[in-house]
Amino acid sequence: METVEEAKKEAIKGGEFLIRETAANEIFIPEEWNEEQKMIAQTCRDFLQQEVYPNLDAIDAMKDPALMPSLMDKAGELGLLGTSIPENLGGFGMDFNTTMLVSEVIGAGHSFAVALSAHTGIGTLPILYYANEEQKAKYLPKLASGEWKAAYCLTEPDSGSDANSGKTKALLSDDGKHYIINGQKMWITNGGFADVFIVFAKIDDDKNLTAFIVEKGFGGITMNEEEHKMGIKGSSTRQVFFNDCQVPVENMLSERENGFKIAVNILNIGRIKLGASAIGASKAIISHAVNYANERKQFGTAIANFGAIKHKIAEMTTQTFASESACYRAGQNIDDAYDALIAKGLNPSEARLKSLEDFAIECAIMKVHGSEVLDYVADEGVQIYGGMGYSAEGPMDRSYRDARINRIFEGTNEINRMLSIDMLLKRAMKGRLDLMGPATAVANELTSIPDFGADEEEGLFVKEKKVIANIKKAGLMVSGAAVQKLMQNLKDEQEVLMNLSDMLIECYIAESTLLRVEKLIGIRGEEACAIEKEMALVYLHKAVDTAAAAGKEAIYAFAEGDEMRLMLMGLKRFTKIEPLNLKEARRRIADHAIAKNEYPF
């Protein structure tokens, strides 16, 4: 019989964080990695130090076309390409959070990180989750070892975010043995050296895409030269042309017209793993920046001693810590949902897909937050380095350029923002999440007498948890009113959707950070977690400010008169927080990183 705790864990649904309180003991925190997981992370760090960092210039120059594939081969020998693949098919069969840890550490590897994540993610996972047993047996062992490299062919010149509008065609041959594929794909990562392509095409006049496993050896595949890009210059990116490419009928992946669903579900995984990868890149940049700030002398002292530099280091560190807190919380939720589905008798592939689909909202949130934190961190890293930050001689030049793609990869951040709200509202309409009940309660609270907190209970983070509960109320109030006012037109009000999404994101990240620190204090004691506590409070203030600004913009966009005044009063009530000397808190956070001379958590 399951325990109350197990039942509770199983009950957590994707998006439900907005309407239910989560206890600290329900989440996973990175401080809980076991020894095996720490060893895997160290293997990844050693690989970067020994194989990738000494070759960064050569990788970016792309003069040796064998360099990146050879690095992939070495990664395959260490098992880094088979983390998600079951042991009986040549992989390690790791749980989802451990595969995210690999993505995080390798995320500091610039162009190599892109090649590895494209191969292990969008290149391999469609086969792992959608292929039949024969296809899995044929392809997965070679993909796990690195003998075959993989690429994913979805985007076309006229179909980016609107993936299902692709024009690539597949026609059945007269003898019924092959599909003849014709079309053009662009921005194909690993295109230059891939042996296996996951290709999306429409059969005849089908409405939806169908997916195929296409081997380079099938013929009929040509490519443009390597694309010249702003960043990730060492990542092979090509246009791929299919000219009467003959694909055996048994190489259809899953069922006819299931391609769009495959693309959407695989992108969910890519999104949260990109969030994890961005965390690894952010940590590396912070360590470089702190190191430089300690060494660089101006006015007779290290620039690390100046308040303006401390502000930057503290914010970079806090935002990265916050993103990491939420990322592994979501990852564990996905693993818990998977375990529950396996216990109900689902096969592993189906269970993994359903668990990821359930937490697609969180996946979108982590993609947006992780990539935007990395962009912020990279920008401030350049600023700390000053003139050397702009020089190609220093490490910030590559970091700054490489960071920028992440807000476009795996669906732009604008698309992901709108998706998160769209998914939330659709789940409410289908009865999967009860948003209307809480939203109505918040609307009623607007006209009631405010609770001035006369009988405030004592305890760790009691006041802060009330702040988070109020941010959630603000989000419910504004989104509920937007739905009622705009109804079917809400989907066309993209600016409002993005405002609502910003409120949703800040709820999730701030709560995750607070819960991580609460759990950590339970393990180590409050004194040992003083800096982590400072970060949770500093981030909470940022979340409140962001939610207040986004809520105000949304209200201005669709409300007027008394309704607007009432909602603005409600927003003010729900985005109150006790004053905190943020300058001093940031200085303590920065001083800790400066003393450690690196990202210290």
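Hydrogens, waters and symmetry mates play no part in the numbers below; they use all other heavy atoms, side chains included.
- K233 places no side-chain N or O within 3.5 Å of a backbone atom of I59 that could act as its donor or acceptor partner.
- Within the structure, side chain to side chain donor-acceptor pair (under 3.5 Å) pairs that include any residue of residues 117-130 comprise Y130-N265 (at least two apart or interchain).
- Listed by chain and number, the residues in a side-chain contact (heavy atoms from CB on, under 4.5 Å) with N224 are Q239, F241 (sequence neighbours excluded).
- Looking at E598 and K283, no side-chain N of the basic residue comes within less than 4.0 Å of a carboxylate O on the acidic one, giving no salt bridge.
- Checked by atom type and distance alone, the side chain of S323 never pairs as donor or acceptor with a backbone atom of Q319 at under 3.5 Å.
- Screening D502, L504, N499 against R417 for a side chain to side chain contact (heavy atoms under 4.5 Å, CB included) leaves a single residue, D502.
- Rounded to the nearest 0.5 Å, atoms OG (S282) and CG (L374) are 4.0 Å apart.
- Between R271 and E410 there is no salt bridge, since none of the side-chain N atoms of the basic residue sits less than 4.0 Å from a carboxylate O of the acidic one.
- S512 contributes no side-chain N or O that, together with a main-chain N or O of S325, makes up a donor-acceptor pair within less than 3.5 Å.
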Between I19 and E16, does a side-chain contact (heavy atoms from CB on, under 4.5 Å) hold up when you go through it step by step? CA-CA 6 Å; I19 51 174; E16 201 179 10; 4.1 Å; yes
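- Residue pairs meeting the ring-ring contact (aromatic ring centres under 6.0 Å, His included) criterion with at least one partner in residues 29-61, sequence neighbours excluded, are F28-W33, W33-Y328, F47-F112.
- For D379, the salt bridge (Lys or Arg N to Asp or Glu O under 4.0 Å) criterion is met by no residue, not counting sequence neighbours.
- Ion pair D358/K354 not flagged as a salt bridge, since none of the NZ, NE, NH1 or NH2 atoms sits closer than 4.0 Å to an Asp/Glu carboxylate oxygen.
- For E32 and K519, the salt-bridge test passes: some basic side-chain N is under 4.0 Å from an acidic carboxylate O.
- Under a 3.5 Å cut-off, the side chain of R427 and the backbone N or O of G14 do form a donor-acceptor pair.
- Residues T155 and K185 bring no donor and acceptor atom of their side chains to less than 3.5 Å of each other.
- Annotation: salt bridge (Lys or Arg N to Asp or Glu O under 4.0 Å) contacts involving residues 43-55, sequence neighbours excluded, comprise E51-K74.
- Here A428 pairs with L435 under the side-chain contact (heavy atoms from CB on, under 4.5 Å) rule; sequence neighbours left out.
- With rounding to the nearest 0.5 angstrom, the CG atom of D336 is 11.0 Å from the CG atom of L341.
- A salt bridge links E506 to K542: one of the charged nitrogens lies within less than 4.0 Å of a carboxylate oxygen.
- A salt bridge links R238 with E226: at least one charged nitrogen is closer than 4.0 Å to a carboxylate oxygen.
- A salt bridge links E35 with K38: at least one charged nitrogen is closer than 4.0 Å to a carboxylate oxygen.
- Qualifying salt bridge (Lys or Arg N to Asp or Glu O under 4.0 Å) partners for K596, counting only residues two or more places apart in sequence or in other chains: none.
- For E31, the salt bridge (Lys or Arg N to Asp or Glu O under 4.0 Å) partners two or more places apart in sequence, or in a different chain, are R516.
- Between R398 and D57 there is a salt bridge, with a side-chain nitrogen of the basic residue lying less than 4.0 Å from a carboxylate oxygen of the acidic one.
- Taking both residues in full, the closest heavy atoms of G146 and L81 are given as CA-CD1, 3.5 Å, listed atom of the first, atom of the second, then distance.
- A side-chain donor-acceptor contact under 3.5 Å links E156 and T168.
- Every residue meeting the salt bridge (Lys or Arg N to Asp or Glu O under 4.0 Å) condition with R352, not counting sequence neighbours, appears here in chain and number order: D335.
- Partners of I589 under the side-chain contact (heavy atoms from CB on, under 4.5 Å) rule, at least two apart in sequence or in another chain, are A314, T317, T318, I531, E534, M535, V538.
- With sequence neighbours left out, D195 forms a side-chain contact (heavy atoms from CB on, under 4.5 Å) with W148, K149.
- The aromatic ring centroids of F212 and F200 lie 6.0 Å or more from each other.
- Evaluation of the side chain to side chain donor-acceptor pair (under 3.5 Å) rule for T98 yields Q37, D95 as partners, not counting sequence neighbours.
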